[in-house]
Amino acid sequence: MPAPTSKSDTVYQQLRSRIVDGQYTPGFRLTFSALAEEFGVSTVPVREAIRSLEAEGLVEYTLNIGARVSEVNLEDYYESMVSLALLEGMATALAAPHITEEDLQIAYSLNRDMEALTRSSYFDSDAYRRLNGRFHSVLCAPCPNSRIVSLVTNEAERVTIIRRSSLKFESAQSVDSIAQHDHLLDLIRTGADPAEIESFARQHKMASLHSKVSTPLRSL
């Protein structure tokens, strides 16, 4: 039987979900008393939850001012994307032998949906972002190392928060990304060497970073 969830864990999960989903945007103030009343707890579990979110970099706390959702920081985005590129490349390579034909078909279909968005008269960046996240999740999920999958998920969520608020996908750049997705699927389907899959998946993620951040990027 799983251990009962503590009050602070419950508050933490709810607040984290609201930040990741965009309900709480950067700069949104988190008032301890109001949250305690909403969740029906004392301010102690709320404070513990805020500390956990602060440790993840999702919340900023200032003495005598209070807590708020962290503002966008391009340096943080850079570091998260580099971490995600390394982790996702590894996860995709480890997952490759376990990816089924059904998985590949799902990923292919998601990629076609992304392609359709780039051909639309109005490019919906948020819809593209969600499809893109699902595409990579399908390819990483079969990775037998659950710890790596968890780390990928956490970094991907941090990247999503920043992209949603200030860094949008663009139609022209997304066309290149879609072609790279197709090549990655071909590598997996044909049983390419894991090192080749890992390298390509990593460089694909880094290409997205190059397109959005002008900071000189170190070679991986």
Side-chain angles (χ1 to χ4, degrees), residues 20 57 72-96 99 103-104 106-120 122-143 145 148-149 151-220:
V20 172
V72 171
N73 184 313
L74 288 183
E75 184 176 346
D76 288 345
Y77 175 72
Y78 166 78
E79 291 182 354
S80 287
M81 279 295 288
V82 171
S83 299
L84 185 57
L86 292 168
L87 290 165
E88 197 170 278
M90 184 183 301
T92 305
L94 291 173
I99 293 175
D103 293 330
L104 290 172
I106 292 172
Y108 179 83
S109 178
L110 290 168
N111 208 34
R112 298 287 70 79
D113 289 343
M114 283 184 270
E115 185 176 38
L117 285 176
T118 65
R119 294 176 177 174
S120 172
Y122 167 72
F123 180 66
D124 189 335
S125 178
D126 289 334
Y128 182 93
R129 171 180 49 76
R130 289 190 292 270
L131 290 169
N132 184 66
R134 289 172 58 193
F135 174 90
H136 287 288
S137 179
V138 168
L139 298 187
C140 290
C143 172
N145 188 316
I148 292 178
V149 174
L151 291 170
V152 168
T153 300
N154 288 339
E155 287 303 328
E157 288 176 345
R158 290 172 62 83
V159 166
T160 293
I161 292 169
I162 297 174
R163 279 178 168 170
R164 183 193 295 113
S165 60
S166 61
L167 294 172
K168 300 293 185 180
F169 285 99
E170 296 180 4
S171 179
Q173 295 167 343
S174 297
V175 171
D176 292 335
S177 182
I178 289 166
Q180 292 167 14
H181 286 171
D182 281 332
H183 182 63
L184 180 58
L185 293 178
D186 286 341
L187 290 175
I188 295 171
R189 179 175 281 113
T190 57
D193 186 279
E196 183 179 3
I197 294 174
E198 179 176 357
S199 176
F200 186 82
R202 184 176 69 239
Q203 293 305 322
H204 162 67
K205 189 65 65 177
M206 290 302 295
S208 176
L209 177 57
H210 276 278
S211 70
K212 292 178 175 61
V213 180
S214 59
T215 303
L217 303 179
R218 296 181 292 275
S219 175
L220 291 179

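Atoms considered below: every heavy atom in the structure, side chains included; atoms not considered: hydrogens, waters and symmetry mates.
Between Ala95 and Pro142, the shortest heavy-atom distance links the atoms CB-C, 3.8 Å. In this structure, Arg158 and Ser80 approach most closely via the heavy-atom pair NE-OG, 3.4 Å. Residues Gly89 and Ala201 share a closest heavy-atom pair of CA-CB, 3.9 Å. Between Val138 and Asp103 the shortest heavy-atom distance is CG1-O, 3.5 Å. Between Ala127 and Asp124, the shortest heavy-atom contact is N-OD1, 3.0 Å. Summarising the geometry of Leu117 relative to Phe123, their closest heavy-atom pair is O-CD1, 3.5 Å, with the distance given to 0.1 Å.
The CD atom of Glu88 sits 11.5 Å away from the CD atom of Glu198 when rounded to the nearest 0.5 Å. We find the CD-CG distance between Glu115 and Asp113 to be 10.0 Å, quoted to the nearest 0.5 Å. A distance of 11.5 Å separates CZ in Phe135 from OH in Tyr108, rounded to the nearest 0.5 Å. Thr92 contributes atom OG1, which lies 7.0 Å from atom CD1 of Ile99 (distance to the nearest 0.5 angstrom). Between the CG atom in Asn132 and the CG atom in Leu110 there is a gap of 9.5 Å [rounded to 0.5 Å]. Interatomic distance, CG of Leu184 versus CD1 of Ile188, reported as 4.5 Å (0.5 Å rounding).
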Show, in sequence, the C-alpha distance, side-chain angles and deciding distance for His204 and His183, and conclude whether the side chain to side chain contact (heavy atoms under 4.5 Å, CB included) test is met.
CA-CA 10 Å; His204 162 67; His183 182 63; over 6 Å; no

Start with the C-alpha distance between Ser83 and Glu155, add both sets of side-chain angles, then the distance that settles side-chain hydrogen bond (donor to acceptor under 3.5 Å, both in side chains), and finish with yes or no.
CA-CA 7 Å; Ser83 299; Glu155 287 303 328; 4.8 Å; no

Kindly indicate, with the supporting measurements, whether the criterion side chain to side chain contact (heavy atoms under 4.5 Å, CB included) is fulfilled by Lys205 and Met81.
CA-CA 7 Å; Lys205 189 65 65 177; Met81 279 295 288; 3.7 Å; yes

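Under the salt bridge (charged side-chain N to carboxylate O under 4.0 Å, His left out) criterion, Asp186 pairs with no residue, sequence neighbours left out. Take Ala91 and apply the side chain to side chain contact (heavy atoms under 4.5 Å, CB included) test, not counting sequence neighbours, and it matches Cys140, Cys143, Ile148, Val152. Remark: Asn111 pairs with His181, Asp182 by the side chain to side chain donor-acceptor pair (under 3.5 Å) rule, at least two apart or across chains.
Counting non-hydrogen atoms of other residues, nucleotides and ligands closer than 6.0 Å to CZ of Arg189 gives a total above 12.
Between the Ser199 side chain and the Ala195 main chain, no donor and acceptor come within less than 3.5 Å of each other. With hydrogens and angles ignored, the 3.5 Å screen pairs a side-chain donor or acceptor of Thr160 with a backbone N or O of Ala156.
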